[in-house]
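The next block holds one structure in the form of C-alpha cells; read it before the comments.
Positions are given from 1 along the sequence. Computed from a prediction, not measured in an experiment: that's the story for all the values here.
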Amino acid sequence: MGSQLVQTLRQGVWASLTGGWYHDPDQNTFNNSCHLYLWMFLLMLPLSLHLALPPTTMALSIYCTSVTIFFITIKMVNYRLHVMFDKGDVVPPSSLSDVIQGGENKSNASDSCLAAKLSDLLSTSSNSECQDGLAGGHTDCPFQRRIIPSHRLRPRRTHPEIFQVTTPPHLHLNPFPPSLFPRHPFLPSPRIFQVTTPRPSTLSSPSPLSSPLLSTPPINPYPSQTVDAGNHSQAVLRLSTANQSEEDSIDESSETSTQEKPSRKLYYKLKLFPGKWVNILYDRLRLINYCQYSLLKVRKGHNQIVAYSRAAYFCIFCGLIWILEQMLRSKDLPVSTVYGITIVLADALKFLRDILVGITYCFPITFLVGLFPQINTFMIYLLEQIDIHFFGGTAATGLHSAVYSIFRSLTALSLLYGFCFGALKEPWDEQHTPALFSGFCGLLVVLSYHLSGQSSDPTVLMSLIKSKLMPTLVDNEEEGEDSEDIKDPLPEKLMNSVKEILLSDLVVCSIAYILTFAITSSTVFLSLKVVLYALAGTVGFVTHYLVPQLRKHHPWLWISHPVLKSNEYSQFEPRDDAQLMWFERLYVGLLCFEKYVVYPAIILSALTNDGFSLSHRKKLGIHCDVLLMTVAGMKLLRASFCNPSFQFVTLIFTIVFFEFDCSRASETFLLDFFIMSIVFHKLSDLLHKLHFIMVYIAPWQIAWGSAFHAFAQPFAVPHSAMLLLQTFVTTLFYTPLSPFLGRCDDNNLNSIFYEYLTRSLQHSLCGDLMLGRWGNYSSGDCFILASDYLNAFVHLIEIGNGLVTFQLRGLEFRGTYCQQREVEAITEGVEEDDACCCCEPGHLPHVLSCNAAFNLRWLAWEVTTTKYLLEGYSISENNAATMLQVYDLRKLLITYYLKSIIYYLIHSLKLQTWIKDSSITEALVSYTKWHHIERDPAVFSVKIDEDYVHCLQGVTRASFCNVYLEWIQYCANKMEEPVDCDEDSPLVTLCYALSVLGRRSLGTASHNMSNSLESFLYGFNTLFKGDFRIATKDEWVFTDMDLLQKVVAPGVRMSLKLHQDHFTCLEETEEPAILYEAISNYKTSLVICHESDPAWRKAVLSSRDTLLTLRHMVDDGTDEYKIIMLYKRHLSFKVIKINKECVRGLWAGQQQELVFLRNRNPERGSIQNSKQALRNMINSSCDQPLGYPMYVSPLTTSYMGTHKQLRSIWGGPLSLDSIRTWLFSKWVRKDNLTSCNSGVNMEDVDCAGGSSSLSHNPNSITSQSLSLYQARPNRTSHANRQHAAGLVHQLFSGDAHVCSTNAIHDTFKGMVHPSYSFTYWFPYHESITHLSRVH
C-alpha cells in the first residue's frame, strides 16, 4: 500500500503540479535526463520571452511558432520511432557489420546457423510427435506426421511445459536467436514453445489458454523481411526474471536447450533516407514507450491520445479566452431581454472569460482528480450534446459519427436558414402565408423526417454508395477474399434495410412536402391550437402512460399481474412467435398518429403563428430570430419523429407554465417548447440520479454487519449533502456520478450464443420496442434479458425513426456467488408475499402486499415483461464418459465410425478417381491379400473392434468383410452409377484401408492407450477436432487430402450422433436401411463439428435448426467431455429495465477505483452483490479490464422493416415499386369484378379468386379449361369467368410456370365472350409469355 501511495503521489500529484515531469525510478538516467531537459526548455521559453520582449502579438507569435515547431519535431521523431518499433527490422549483433556496410543479404551459413538454433529451441520433447512446420524439423523424425486443419491452428495448451505461439499470416516469422526469449518472473523454469502459422480464416478469436504475455508478435531479425505488428507497444517477447531490471533481462543469457552464448544487445534500423539508416539500441526505445504523462498511465500499450489530451485542453481554453478578449474590444455590444431578463453581452462575456481563466488555473487539480476525459472522448461528448439538444440528433457512436452527425445537421440548417430568412425579411398578411414560408415549412418537415430515419454511423450508408458507384471495386474485394472465409450475411442485410429506407424516403418526403406546402398556405393552423394541444395531451397520456402501465408486470407497483396480458403470458414454454395482440395494434396506431400527424401539426402551427409575429416585429434581430426559429423547428420535429415518449409531458408543462404561471415571461411558443425540451431532459437525468442515490444509501438497504454501522450512519449526512451537490453538477454537464468521494468478442466458446442472440435482436428489437413490448424507452436506457442460462445486458445507444442502435453484453453462464444472488432477485416473484410491516395479514385479490409494494419502490430496476420471446438455442448436454464407460459401447462407437467412413467414401464424387488412381492402388497392395493381418496391439483390441480375430491377434480382410461387407454393398446399391462391390473389388480394398487408417489415427491420438477411457476420449476428441496424426504406412492418404477431410473426418463426427441415437432406438440402428436413411437425413439437417471450426459459427449465425458438438470442459479441477446438442427454438426472457444513471455511476466508479486508485483486489466491496442495484451484474458487464463479460457485441442497428408483425400492420416501406404493385393488383381485381355477371350475388362468389382444386393442382388448368370449352363453345358462363379470374390470379401470384403460353391463349380464347377482346382480359400477355419462356 505504501509503494502504491508513493507511486500515485509521484505520477499523479507531482506530475500535475509540474505539468508532466516526474522522476521514474524504473527508467535509467538517460531517459529521466531527457525528460527533465525537455521540461526545463518548455518552462524557460515563455519566461525568457516575457523578460526579453514586450507583451505584443509578435512575442506571442514567436512563442507559438517555437512551441509548434518543437512539438512537431518531437512527435515526428516519436512517430518514426514507433513505426520502427512496430514494423522495423531487428539487427542481431552477428550481422551488425553487414548492416553498417549497408548490406541487405546475409550469408547462407548465418541463415542455417540461426535456423538450427530455432530448430533446437522450438523442438518438442514428445517421443511420438514431430511437427512439420516453420520450425523445420530434423530429417530423422519419428514415423508419423500430424495433420492439423486450418481451424485448429490456434494457441492451445498441449502439455504443462509446452505452449504454442500463434503467428498471424501477415507476420512473416523467421528464425531468430533464442536470446530473444528470456525467462519471465512468473515462469520459474524454462518453457518450450511451439510455433505454427494459421491461415487467415483462423484468426477469428484467440485461444482461451493463451497468455497475454504470449500475444506479442515475434521479432524478425532479418532486414530483408519485416514484421507487421500493428500498434503493439512490445515487439519483443520478454520473459525476464523477477529480480532483474528490464535492461539486464535483455542482455541475459537464454536458458533453453541451446547452450550458445546469446547476443548482448539488440539494434533496430531507423531509415533516414533511401539506403541510409542508423542503428538504435533497443533500450533507447523504452524512452518513447514511457513518454505518456497521464493519470491514466498504462504501462503496456501505446495510447497516442493520452499524450495530446492535456495540451489540447490547454490550447482549447486559451483559444476561447483569446476569442473572448477580442470580442470584448468591440464597443457596440448589444443589450437584449430574454424571458424578462436583461442580458448585457459585455458583462456576460467578461463573466465567461473569468470562468475559463479560473478553470485554466485549476488544471493541475482537475487533471489530478481525473475530471477531464481524453480529448477524443470530450469531443465526442461535446458534439453529441450539441447535436442532441440543439438539432434534435440521436447519438454518436464515435468521433467519426459525431463529426458526421453535426455536419449533416449544419448542412440542413444552412439550407433552411436561407428559406426562412427570405420569408421573414418582409412582413406579410395574416390571411396570406407567403409561398416561400410554405416552402420553408415543407422543406423543414422533409429534412427532419429524413434525418430522423438515418443512423449516426455512416458506415452502412457509405458501403451502399460504394457498392452502387464502384461495383467493380467491391466485386474485386469479394473475389480477393479466401473462399473458405465466412461471409457474414449481416452487412448485406443492413445495406438492404438502408436501401429500403432511402427509397421509402424518396416517396414519403415528396408527398409530405406537397401536403405541408398546401396546409401551411392556408389559415387552418390559426384556429386549431387548443384542439391540437388537447389531442396531443390525450393521445400522449393513453399511449405513453396508461397502456404501458397496464402492460407492466406489476402495474403501478400495486397490482400483482399485468392487466393487458400477452398471449404467451400463461404458457410454460411458448413454441411459436409472439402473437400480435389488439392493444399492440392500438399502441402502434396511436404512436404513428402522434408522431406523424399531431406533433408536426403543432410545430407547423407554432411556426406559422411565430413567423407572422416575427415578420412584423424582430425581437433579437432578423438573423438571430431566423436562426432560433430554424433550430427550434428542426429540433422539435426530429425529436418527435424519433421518440415522442416524453413529448406530451413537456408540451403540457410548457403550456401550463407559460400560459398561467409566467405568462409575461413567454417569448414565442416555439422557443418556449424548445427551451423546455432541454430543461426536461436535464430534469429527467436529475430524477434518475436522485432515485439511484436514495435507493443505494437507504438505511434499510444496508447489510448491517455490526453495531458500528448504526452509530456511523448519522455521520454520513455531510457526505450525503456533498453527494447531492455533486448530483446537480453532474446533471448539468450530463456526466455520471463520479465516485471520487468514495471486442469485442471474448474467446469463450459459449459467446456464440450471445452473438446469435445479438443477431436475433437485430432482426426484431426495433419492432418490439415500437409494439411496446419493452415499455417506455429512450436513448441510453439499459435492460437485462434473463432466462434459464442466458443473462444479457442490452444498452440502447441510439433511438431513431424506425431504427435502434444497441449493444449486447453477455454475462457468464455460471457466474459468481454474487451474480447468482442477483439473478435470483430478478427471477423470484413477490406475489406470494403476505407481509405488512411485521405481521402477515395477507392482501386483497390481484393486489400486492404492503411490504412487496414498498420493496418494489426501493429498487433501481423494474421487471417490465416476463414472457419476451426471442429466437435462440437451447442447450442439452450429456456426459460422454457415461455413454462410453462400458467396452461394448466403445465397440459400438467404433462400428458406427467405420460404417460412417464407408458411407462418405461411397457417396464421394471422387470415388471412381480414387479407385483408379495408380498410386493409391500400389500403396494398398498389401490390403488386397486375404492373409494380411493388422496386429498393432496399441490400436486393435478385441474389446473395441467388432472384426477383431482373437486367434490371429489382429484384423484381417476376411474379418472386415464378415462385418462390414453387407453395409458396403447396401450403400453401393443405392448409388445411381453401378459400383463393383464384391469381396475382391477395389472398393472393398479402399474401405478396408480407410478403416485401418481411421482406427490407427484414433489409437495414435489416444497415445496408444485406447483401453483407458480418459485416453480414448482424448483421442476421439482430437479426431473430432480434425487433428489427425498419420503414420508412415498410411501416407498414401496424402495422395488426395479429401480422403481425410471429406471421408474420415465426417465419419468421426457422424459416429457420435449415431452412437447417441443408439440409446433411444437400439434395434432400428442395426438395420442397414434405417441406418442409411438416418445418416442421409443427418447429413443435410444436422451440423456436426467442433466449436472451434468456422463451420460451427457459420451454422449458428445461419440459424441451422440442430447442431451437435463434443466439448472438452476443464473447470474447477474437473476434466469432462460433454456431448452438446443445440436446438433452435423460442427462448423466454424476463425484461428488466435498470436505472441508466445507476449503470453510468457504477461503471464510472469501477474506472476510478481500478485505474486511478489502482485497487486490484478481486474481492473489493464495490463488486459485491447488491440486490437493490444489481451492482455485481452491472459491474461485470463493463468492458475489460473493469468487468469480465463473456461477450461484447459491436454496435448493432435494428430496423423496423425487418419485423414481420410490424410490417404486416403498416405494409412495409413505401416505394415506387410497391405503389405500382398495389395499383396493378387493384386494377386487375377491378377488371375481374366488372366482367362478372351482374345478376350473381357477389357474396356467394369471389370473382378474383380461383377454386381450391386449381390452387392445389395447377397442372390441371389447361385440361379443365379445354373440356369446358368443348362442352359449351358458344357462351361464356359465370363458372368460366371465375376460372379465368382464378387463372389470372394464379399467374400473377408466382405460378405462371405451370402453364405454357399456347395453353393460356387457348384457354382464354375459349372462355372469353366474343364481345371482349383478348387484350382487355389479358393486357400483359407479353410479360406472361416472357415468364413462361423463362420457366
Report task. Mind listing the closest non-hydrogen atom pair of Ser497 and Thr1202 along with its distance? Result -> OG-CG2, 3.8 Å
Report task. Check salt bridge (Lys or Arg N to Asp or Glu O under 4.0 Å) between Glu824 and all other residues, then give those that pass, not counting sequence neighbours. Result -> Arg821
**Report entry** Among Val863, Asn855, Leu856, the one residue meeting side-chain contact (heavy atoms from CB on, under 4.5 Å) with Val830
**Finding:** Leu856
Query - From Asp457 atom CG to Thr1197 atom OG1, the distance as rounded to the nearest 0.5 Å - result: 6.5 Å
Query raised in the report: Name the one of Lys552, Lys1137, Arg857 that satisfies side-chain hydrogen bond (donor to acceptor under 3.5 Å, both in side chains) with Glu862?
Result: Lys552
Report task. Would you kindly say whether His763 and His1203 are connected by a side-chain donor-acceptor distance under 3.5 Å? Result -> no
Query raised in the report: At what distance, to the nearest 0.5 angstrom, does OH of Tyr1127 lie from CZ of Arg1104?
Result: 14.5 Å
Query - Heavy-atom closest contact (Gln1172 atom, Trp858 atom, distance) - result: CB-O, 3.9 Å
Query raised in the report: Where does the angle between the aromatic ring planes of Trp1147 and Phe793 fall among parallel (under 30°), tilted (30 to 60°) and perpendicular (over 60°)?
Result: tilted
Requested in this report: Quick one: list whatever passes side-chain hydrogen bond (donor to acceptor under 3.5 Å, both in side chains) with Thr543, sequence neighbours left out.
Outcome: none
Query raised in the report: Is the closest side-chain heavy-atom distance between Leu1126 and Tyr756 below 4.5 Å?
Result: no
Report task. Output the distance between atom CG (Leu803) and atom CG (Leu765), rounded to the nearest 0.5 Å. Result -> 11.0 Å
Query raised in the report: Do the non-hydrogen side-chain atoms of Leu1108 and Ile1124 ever get within less than 4.5 Å of each other?
Result: no
Query raised in the report: Between Val539 and Leu590, what is the shortest heavy-atom contact and its length?
Result: CG1-O, 3.9 Å
Query raised in the report: Can you check side-chain hydrogen bond (donor to acceptor under 3.5 Å, both in side chains) on Glu568 and Tyr868, steps first, answer last?
Result: CA-CA 8 Å; Glu568 300 79 27; Tyr868 176 67; over 6 Å; no
Requested in this report: Report yes if some heavy atom in the side chain of Leu790 is under 4.5 Å from a heavy atom in the side chain of Leu785; otherwise report no.
Outcome: no
Query - Parallel, tilted or perpendicular, as decided by the 30° and 60° cut-offs, for the rings of Phe648 and His544 - result: parallel
Requested in this report: Quick one: pull up CE in Met1177 and CD1 in Ile784 and give me the separation to the nearest 0.5 Å.
Outcome: 4.0 Å
Query raised in the report: Are Ser1193 and Arg809 side-chain neighbours, meaning at least one heavy-atom pair lies under 4.5 Å?
Result: no
Requested in this report: Report yes if some heavy atom in the side chain of Met1125 is under 4.5 Å from a heavy atom in the side chain of Thr1109; otherwise report no.
Outcome: no
Report task. Decide yes or no on ring pair (Phe, Tyr, Trp, His ring centres under 6.0 Å) for Phe680 and Phe646, but give the supporting numbers first. Result -> CA-CA 9 Å; Phe680 258 79; Phe646 305 101; 9.4 Å; no
Query raised in the report: Between Thr758 and Phe806, what is the shortest heavy-atom contact and its length?
Result: O-CZ, 3.7 Å
